[in-house]
Amino acid sequence: MSSSVSVANQHGMAVVTIDNPPVNALSFHVRKPLYEALTALRDDPATRAIVIACAGRTFAAGADITEFGKPVEQPELRAIVALLETIAKPTVAAIHGTALGGGLELALGCHFRVADLGAKLGLPEVKLGLLPGGGGTVRLPRLVGAAKALGMIVSGAPISAEEAKAAGLADAVVDGDLLAEAVRFAGEMARRGGPFVPVRNRNDRLAGTDLSTFDAQAAELARKARGLEAPLACAEAVHNAITLPFDEALAAERQLFLRLVSGDQSRAQRHLFFAEREAAKIPGKDLQKRRIVRVGIIGAGTMGGGIAMAFANGGFPVTLLETGDEALQRGLAMIEKNYAVSVSRGTLTEEARQQRLSLFKGSTDHADLADCDLIIEAVFEDMAVKKQVFGKLDAVAKPGAILATNTSYLDVDAIADSTSRPRDVLGMHFFSPANVMKLLEIVRAEKTAPEVLATVADLARRIGKVAVVVGVCHGFVGNRMLSARGAENEFLLLEGATPAQVDKAFTDFGWPMGPFQMGDLAGLDIGWRNRKARGQTAVIADTLCEQGRFGQKTGRGWYRYDSGSRDPVADPEIDALIRAKAAELGVAQREIGADEIIERTLYPLVNEGAKILEEGIAARASDIDVVWVNGYGFPIGKGGPMFWAGLEGAGRIVERLEYWHAQTGRAIFEPAPLLKRFAETGSWIASG
Ligand code: T1G
């Protein structure tokens, strides 16, 4: 046998164990010996039943994603599943950990599935821009029904062992010795005798499918696909499972898979899968981390409250501090309301709500932070205020406590240097709402100790955040690039584009919303305050704010919002204001197309990313992609700004930046040397 697959055979009960750390991906060096072992056991008259199990922490978590895009080595997973279905003796998959993708499809080739109580089962291929390509779209509906299968496959969300049992996907759930139970189960099946019907021949769960209901469900899911092909292909494949004979549906699945796996969207999403994991590989990652038990949050406003919830959701006791009791109670009330809304939506149980609220302790006395191991300030975005807060923290925080600032822009080195313990200081830039948005920019200051960085990076994972370590500059990675993306917005309006046209160019690109709608959502007064603090102006946006048009919160901003609605309505007053400003400034108005809008917003975005890479503010181009996908909604089907630059053609980007630089003289259009180098070499590596 190979080192990846072993066979134990006692009294006719064969156990085939896959051992391919870390997640038992079904790589070629697993598939070949697995195929051989199953063939031999099928043909061995002494073998009465077969159990497939995995060593380590999980049942097979899928095909080996690193193999995609390379020549396929036989046998493919599909051949192994087909082989399983030629075996007349009982076959049992013993599932623990996360049986995902091809791993679950392997289990679907078995007659039975016995799952550990803590196991998860799912087909997450859609998250990679794919669909289950090992028969999952045709076999899963035969066990759980078309509607349940459609929901699982299009969402990619795994289900628990209990849910799998209830749905008909698992035949038994074990709380104890999984392997022993699976072997016992297999023996019992062998004693009872066959025939053992392979999943492919089970049609009763499909028989009663109401196709119109199914199609309505599929249409609703497709509506949310926002330009992504995989969700649509998933729905089509499950539809085929209902309407076509098994082998035809299987062949159709194959064709859909081959189309997706070679497409740009799947390449982009597979890039992001690995990019998120690369971002976690920071210097000092394996250093001894500091012990974090209690977390202190200073500021109970929108950000502070959201950050506090993020930690409470991760099971950490939180001390929430405000300057006065009224602000504190307001913050705590907001947190209670947020949890109550989750309970009413069914996304949180009442028990969990109470458990999380029990983790909060409110205070208006800095001394109460003395027992905190990590203290994060989320106070007003003003350097003097931040330094004052850190001065107090320096006095009350215990030795070894990590002190973090949630600043979005400010110089973390300056904040660290205002304390006696700069090695314990760094930035933790959360994105609003902090209890929901996955991105956390960890701002590594010059003096931040490596183990402090490693501790916070590990902590980020524990609270479900996607962390990217960034360097100190104005706006770090995300907000600095956001400034470049928005620098032309007012010029575009003055020259003739409307807010709706700009926003439509963005939503057609795949963004959840455009910059003007986003501004109305966030509140235009925030940008207005920042501009005033930095002595900057924006002729149109400032006028809106002077008129009290702050966006959704005031019912009017770039758009009008009819009472209570969040849907933007184009406002003729805005068009008139823009025309008046353009006339005042002597700017001729003209038709501006979507291509120009993209060139003058997203090309500078890429260009600024290249500058950030050159300056070492980000360690990798893929880190920048992780920031933009998880913090700003960059369409996952385009892989993030730096990956998309390759899809768009960096040479064209450089050429158009040079054109706009010649037209306007504005620095954001001056192509970064690294961008030019990327255009020539296809590599974002800054050095060498
Ligand atoms: N292939 C290759 N490498 C993988 C992998 C996979 N399927 N899954 C994980 N890794 C690597 C990962 O890059 C990391 O590497 C290490 O394993 C630990 O992963 C035909 C087409 C299982 C829930 O989409 O969701 O089957 O950084 O850090 O947080 O229909 O890994 O250490 O070098 O994520 O404990 C479908 C993907 C594939 C599951 C574990 N399956 N994996 O999470 O560890 S397509 C998936 C995960 C497919 C078939 C289709 C998670 C996990 P490194 P990790 P984790």
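Whatever order the structure lists them in is the order used to number ligands and atoms, beginning at 1. Please read these numbers as outputs of a predicted model, since none were measured by experiment. The figures here come from the full heavy-atom set of this structure, side chains too, leaving out hydrogens, waters and symmetry mates. In this chain, residues are counted from 1 in sequence order.
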Hits for side chain to side chain donor-acceptor pair (under 3.5 Å) against Glu76, two or more places apart or cross-chain, chain-then-number order -> Gln74, Arg78, Arg254
Using a 3.5 Å distance criterion without hydrogens, assess whether the side chain of [X] forms a donor-acceptor pair with backbone atoms of [Y].
{"X": "Asp19", "Y": "Gly56", "answer": "no"}
{"X": "Glu451", "Y": "Leu287", "answer": "no"}
{"X": "Asp373", "Y": "Val293", "answer": "yes"}

Under 3.5 Å donor-acceptor pairs involving side-chain atoms of residues 226-234, not counting sequence neighbours:
none

By the salt bridge (Lys or Arg N to Asp or Glu O under 4.0 Å) test, which pairs, at least two apart or in different chains, include something from residues 433-443?
none
Return the protein residues near ligand 1 (heavy atom under 4.0 Å from any of its atoms), ordered by chain and residue number.
Pro22, Val23, Ala25, Arg57, Ala61, Gly62, Ala63, Asp64, Ile65, Phe68, Thr98, Leu100, Gly101, Gly102, Glu105, Pro124, Glu125, Leu128, Pro132, Gly133, Gly134, Phe257, Phe273, Phe274, Arg277, Lys281
